[in-house]
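Read the numbers this way: they start at 1 and go in the same order the structure lists the ligands and their atoms.
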Amino acid sequence: MASQPSQPSLIVHGGAWKIPPELEADCRAGCARALAAGWQILVQGGSALDAVEAAIVVLEDDPVFDAGVGSHLNADGVVQMDAILMDGETLNAGAVAAVERIRNPIRAARGILEKGPHILLAGAGAERFAAACEIPLCEPAELIVPRERQRWEALRAQAPPSTLPERFGSTVGAAARDAQGRLAAGTSTGGTFGKYPGRIGDSPLVGCGCYADSESAAASATGWGESIMKIVMAKMAVDRVRAGVSPAAAALQSVHRLSERVRGSGGLILLDRQGRIGAAFNTPNMVYGYVAADGSLVVHV
Ligand code: ASP
């Protein structure tokens, strides 16, 4: 799988939804910072796993995104986050779900990936594991920003409460290929706004919100988790690349399937073992960025 050193590749996203014009600049800037952090690792010969983790830490720390600080609140007014990191070399993955006290859930996912033996830990057990890996815990209130508190207050004030709250969707993710040809991908989210407490979406599930296989491609998905899970979207896209489809076409076909088969909404980023990228979405916007062949950072909203 690992090959002669060659040009690395990196793509990140900050969610697929209707991005309000006033958040556009912050979303762009956040993706650019994440690309810069991941790229620095890749050009110094670092691993795809390290680059994906570093890029996602930047996005989790940025309050404009629904991951780490700035995550959406659930119906109880609590942040519960999901994250996954997958190593395309070994197909090992580490994931956390419904965690409330980990500032950077992607770091806890990395800890699980490295130390095993499990793939997905939820809630208090995941937090205990993170603490044992010396990953700092935080107070749940530290993750809540005023924008999200106000959204939740508005939801709570609705009488009768809407059955399906409006979807805001700035989940984050990244996929990388390092100079040795190793692929990795990761996804991190606060989940859907106003979700039922304990709800876990597609993001931390292998094959749904994320998949990486150095023999074919690495992908991170975003969007309505209940529909992404039904079609196992990230694995679908990776399998299409394995079958000979380009990453650009595989991303489009997977999102088309999401629309047609389950009436879902969302998007996907993807890169293959040659470093070719793909991105597609059926929402009004998706913020995503990649490093172009000349080393410049390109971000689209
Ligand atoms: N997929 C995430 C979830 O359902 C949300 C998102 O990507 O916007 O939890």
Assess whether atom CD of Glu134 is packed by more than 12 heavy atoms of other residues, nucleotides or ligands within 6.0 Å.
no
Please give the N or O to N or O pairs under 3.5 Å between ligand 1 and the protein, distances rounded to 0.1 Å.
{"unit_1": "ligand 1", "atom_1": "1 (N)", "unit_2": "Asp202", "atom_2": "OD1", "d": "2.6"}
{"unit_1": "ligand 1", "atom_1": "1 (N)", "unit_2": "Gly223", "atom_2": "O", "d": "2.7"}
{"unit_1": "ligand 1", "atom_1": "4 (O)", "unit_2": "Arg199", "atom_2": "NH1", "d": "3.4"}
{"unit_1": "ligand 1", "atom_1": "4 (O)", "unit_2": "Arg199", "atom_2": "NH2", "d": "2.7"}
{"unit_1": "ligand 1", "atom_1": "4 (O)", "unit_2": "Asp202", "atom_2": "OD1", "d": "3.3"}
{"unit_1": "ligand 1", "atom_1": "4 (O)", "unit_2": "Gly223", "atom_2": "O", "d": "3.4"}
{"unit_1": "ligand 1", "atom_1": "4 (O)", "unit_2": "Gly225", "atom_2": "N", "d": "3.0"}
{"unit_1": "ligand 1", "atom_1": "7 (O)", "unit_2": "Thr171", "atom_2": "OG1", "d": "2.9"}
{"unit_1": "ligand 1", "atom_1": "7 (O)", "unit_2": "Thr222", "atom_2": "OG1", "d": "2.7"}
{"unit_1": "ligand 1", "atom_1": "7 (O)", "unit_2": "Gly223", "atom_2": "N", "d": "2.8"}
{"unit_1": "ligand 1", "atom_1": "7 (O)", "unit_2": "Gly223", "atom_2": "O", "d": "3.4"}
{"unit_1": "ligand 1", "atom_1": "8 (O)", "unit_2": "Arg167", "atom_2": "NH1", "d": "3.0"}
{"unit_1": "ligand 1", "atom_1": "8 (O)", "unit_2": "Thr171", "atom_2": "OG1", "d": "3.3"}
{"unit_1": "ligand 1", "atom_1": "9 (O)", "unit_2": "Arg199", "atom_2": "NH1", "d": "2.7"}

The single option from Val12, Val58, Leu297 that satisfies side-chain contact (heavy atoms from CB on, under 4.5 Å) with Arg33 is Val58
Contacts of type ring-ring contact (aromatic ring centres under 6.0 Å, His included), residue Tyr211, not counting sequence neighbours:
none
Separation of His13 NE2 from Tyr288 OH (nearest 0.5 Å)
12.5 Å
Looking at Gln40, I'd like to know if its CD atom is crowded, meaning that more than 12 non-hydrogen atoms belonging to other residues, nucleotides or ligands lie closer than 6.0 Å.
no
So, do Lys195 and Gln80 sit near enough that their side-chain heavy atoms are less than 4.5 Å apart?
yes
